[in-house]
Amino acid sequence: MGFLYTIGIRLFTAGLHLAAFFHPKARKWVDGRRDWRRRYAAAFQKTSRVLWVHAASLGEFEQGRPIIEACRERYPTWQIVLTFFSPSGYELRHNYAQADFIAYLPADTPGNAADFLQIIQPDAVIFVKYEFWFNYLAALRQRGAPTLLVSALFRAEQPFFKPWGSLWRRGLQSFTHFFVQNETSATLLQRLGFKNVTVAGDTRVDRVLQIAAVAPGNEVVAAFVAVGEARPSPHLTTHFSAAEKPKALLTTDPVSTARAPSSPTSKEELGGPTLIAGSAWEADEAIFMPWFLQPPTATHWKVIVAPHEPAEKNVERLLQHAGALRYSQADEAALEQAHLLIIDNVGMLNTLYRYGTVAYIGGGFGAGIHNTLEPAAFGLPIIFGPKYTRFEEARAFVARGAGFVVHSAAEFSAVMMQLEDPDFYRQASMAAKSFLAENQGATQRIMGFMATLAV
């Protein structure tokens, strides 16, 4: 079975090499691993204890980030190695300051696993959420390196729990401890005989609360959502990276319409109601845009759209609507006329929710919804499509009345009408916040276990 698994990995890798001729993301995957043995050995030399953290992509990195930063603070002499499987994670975080060495994870073959581990020589290992690379796990077990799986979720339909899933079950034996998000995951593992399981929750909750507590202001978005007399705020400062900075910034003081992370604010204090559509696909636009384009909504509400892929074709499609403006071309005159702001960069969305009244999260009409915890940290009620049931937090938001599932543009309009009621809105907002308050602390629980490895 292990031999067939390795053959599958080699075929998968060969397919990516072929795809690299046509697909930019595949090309980055291949190029990032080219000549990796020489490059990694030249770039990294072990000088102290090494913690290796592996995340599939950007979302998993955000889950692992609170642990990385807690380890950096508590064990400042350790070297931290961070690896990614996907270019979407590596490309955005390859300069992350809290890690000493950041790289692509070589393909999961026995030879690659042995050589990579010989280069970094980890003293402790953390895999985030769904990462099950069985040749790496076997090599780690052989080396005796303590290996944790954090923020994990298990479901009965996964191969581990099937009669034919012996290879997958054998891989699980390499983990020193499992930190799972819920009791269901713990029960499934315990039925397989694993006792080394702790229900710790999701470290993403800790991360989004960190972001909400220190989210910087953005003068362009603040001016966009503002209505009426300018109300400057002492609570916001503006920080733009070179990639985020618009071509023409405002010359006046920013207008703050931010929602304070710890206390609900009225729509009037926010400067007018604003829908933020995060990680939106074209199918999602078909759900919320008819509501927005129907008078008098467009004169009462403003909409901020962050496309899942801010490719030019997606931005251009949105620019066809009257009153649409791309973020990178925002200036004071254009913002006065705009009702639809298109975020044409990557990396800003998680802090922009502070300017929202309601969030729509994309992906629910495709493979599955994107991050709902980020808007919840700012107390936003959350709307999404029907592909949400694989996501623990989304199910909890629906059950608590903080999340709303829609199947059509008409259903979306009906939910938005409900949220126009101040009491209904307040209950939904507080339900979102209360879920996060009750589920924070996963990082602290994991760090308690890490202390036993640091002796």
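This chain uses plain numbering: 1 for the first residue, then up along the sequence.
With a 4.5 Å cut-off on side-chain heavy atoms, Q440 and L436 do not count as touching. The shortest distance between side-chain heavy atoms of I119 and W36 falls below 4.5 Å. With a 4.5 Å cut-off on side-chain heavy atoms, M348 and Y327 count as touching. By the 4.5 Å heavy-atom criterion applied to side chains, I361 and S279 are not counted as neighbours. In this structure the side chain of I276 reaches within 4.5 angstrom of the side chain of L349, judged on heavy atoms. Side-chain contact between E62 and R93 is present, with at least one heavy-atom pair separated by less than 4.5 Å. Taking 4.5 Å as the limit, every side-chain heavy atom of I126 sits out of range of all side-chain heavy atoms of H54. P122 is listed as a side-chain neighbour of L117, based on a closest heavy-atom distance under 4.5 Å.
The line from OG1 of T389 to CZ of F391 is 8.5 Å long, rounded to the nearest 0.5 Å. The line from CD of E157 to CG of L188 is 9.0 Å long, rounded to the nearest 0.5 Å. For the atom pair CG (L318) and CG (L325), the distance works out to 12.0 Å, reported to the nearest 0.5 Å. Separation of atoms CZ (R204) and CG (L209) is listed at 12.0 Å; rounding is to 0.5 Å. Distance check, rounded to the nearest 0.5 Å: CE of M447 to OG1 of T452 gives 10.5 Å. For the atom pair CZ of R445 and CG of D206, the computed distance is 8.0 Å after rounding to the nearest 0.5 Å.
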Next on the checklist: H177 vs F179, test: ring-ring contact (aromatic ring centres under 6.0 Å, His included). Steps then yes/no.
Outcome noted: CA-CA 7 Å; H177 205 88; F179 290 92; 4.7 Å; yes
Item to check | Pair V221-L341, side chain to side chain contact (heavy atoms under 4.5 Å, CB included): steps then yes or no | outcome: CA-CA 8 Å; V221 177; L341 184 65; 4.1 Å; yes
Next on the checklist: side chain to side chain contact (heavy atoms under 4.5 Å, CB included), that's the test. Do N350 and V208 meet it? Break it down for me.
Outcome noted: CA-CA 8 Å; N350 57 6; V208 298; over 6 Å; no
Item to check | Working for side chain to side chain contact (heavy atoms under 4.5 Å, CB included), residues V358 and M416 | outcome: CA-CA 9 Å; V358 177; M416 291 299 291; 4.0 Å; yes
Next on the checklist: side chain to side chain contact (heavy atoms under 4.5 Å, CB included), that's the test. Do F154 and T184 meet it? Break it down for me.
Outcome noted: CA-CA 7 Å; F154 288 94; T184 299; over 6 Å; no
Checklist entry - Step by step, would you call E438 with K433 a salt bridge (Lys or Arg N to Asp or Glu O under 4.0 Å)? => result CA-CA 9 Å; E438 294 167 16; K433 287 186 175 182; over 6 Å; no
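Taking the six-membered ring for Trp and the full ring otherwise, the centers of W133 and F127 sit at least 6.0 Å from each other. Ring centroids of Y75 and W78 are separated by less than 6.0 Å, placing the two rings close together. Aromatic pair F178/F194: centroids less than 6.0 angstrom apart. Aromatic ring centres of W52 and F116: separated by under 6.0 Å. Separation of the F435 and F397 ring centroids falls under the 6.0 Å cut-off. Taking the ring centroids of F384 and Y388, they lie under the 6.0 Å cut-off.
The closest donor-acceptor contact from the side chain of D108 to the backbone of Y136 lies under 3.5 Å. Distance alone, capped at 3.5 Å, is enough to place a donor-acceptor pair between the D123 side chain and the V50 backbone. Side chain of D344 to backbone of P310: no donor-acceptor contact under 3.5 angstrom is found. R354 places a side-chain N or O within donor-acceptor distance of the main-chain N or O of A215, the cut-off being under 3.5 Å. S429 places a side-chain N or O within 3.5 Å of a backbone atom of G379 that can act as its donor or acceptor partner. At distances below 3.5 Å, not a single donor-acceptor pair connects side-chain atoms of T274 with backbone N or O atoms of V225. Looking at N371, its side chain does come within 3.5 Å of a backbone N or O of E374 through a donor-acceptor pair. Although no hydrogens or angles enter the test, the distance criterion places a donor-acceptor pair under 3.5 Å between the side chain of Y355 and the main chain of N218. Using modelled atom types, one side-chain atom of H94 and one backbone atom of E91 make a donor-acceptor pair closer than 3.5 Å. N196 contributes a side-chain N or O that, together with a main-chain N or O of F175, makes up a donor-acceptor pair within less than 3.5 Å.
Judged purely by distance below 3.5 Å, without hydrogens or angles, the side chains of S88 and S57 pair a donor atom with an acceptor atom. With 3.5 Å as the limit, one finds no donor-acceptor pair spanning the side chains of T147 and S174. A donor-acceptor contact closer than 3.5 angstrom links the side chains of N182 and S185. Side-chain contact of D31 with Y104: a donor-acceptor pair under 3.5 Å is absent, judged by distance alone.
By the 4.0 Å N-to-carboxylate-O rule, E309 lies too far from K25 to be salt-bridged with it. A salt bridge between E60 and R65 is absent, with no side-chain N of the basic residue lying under 4.0 Å from a carboxylate O of the acidic one. The pair R72-E69 fails the salt-bridge criterion, with no side-chain N (NZ, NE, NH1 or NH2) lying under 4.0 Å from an Asp/Glu carboxylate O.
In terms of heavy-atom proximity, M450 sits nearest to C71 at CE-SG, 3.9 Å. Considering every non-hydrogen atom in both S434 and R400, the closest pair reads OG-NH1, 3.4 Å. Here the shortest heavy-atom pairing between L275 and A359 reads CD1-C, 4.2 Å. Contact record, E393 with T372: CG-OG1, 3.3 Å, taken as the closest heavy-atom pair. Nearest heavy atoms, Q63 versus S151: NE2-CB, 3.6 Å. When every heavy atom of R326 is checked against every heavy atom of L319, the shortest pair comes out as NH2-CD1, 3.5 Å.
Open room surrounds CD on Q444; 12 or fewer heavy atoms of other groups in view lie less than 6.0 Å from it. Within a 6.0 Å radius of CD in E73, no more than 12 heavy atoms belonging to other residues, nucleotides or ligands are found.
The aromatic rings of F424 and F404 lie tilted to each other, with the angle between the two planes from 30° to 60°.
Applying the ring-ring contact (aromatic ring centres under 6.0 Å, His included) test between Y360 and each of W281, F365, F288 identifies F288 as the sole match.
Under the side chain to side chain donor-acceptor pair (under 3.5 Å) criterion, W29 pairs with no residue, sequence neighbours left out. Residues satisfying the side chain to side chain donor-acceptor pair (under 3.5 Å) criterion with Q427, sequence neighbours excluded, are absent altogether.
Residue pairs that meet the salt bridge (charged side-chain N to carboxylate O under 4.0 Å, His left out) test with at least one member in residues 277-290, sequence neighbours left out, are E282-R317, E285-R317.
Cation-pi check for K302 over F224 is met; the charged atom lies under 6.0 angstrom from the ring centroid and within 45 degrees of its normal.
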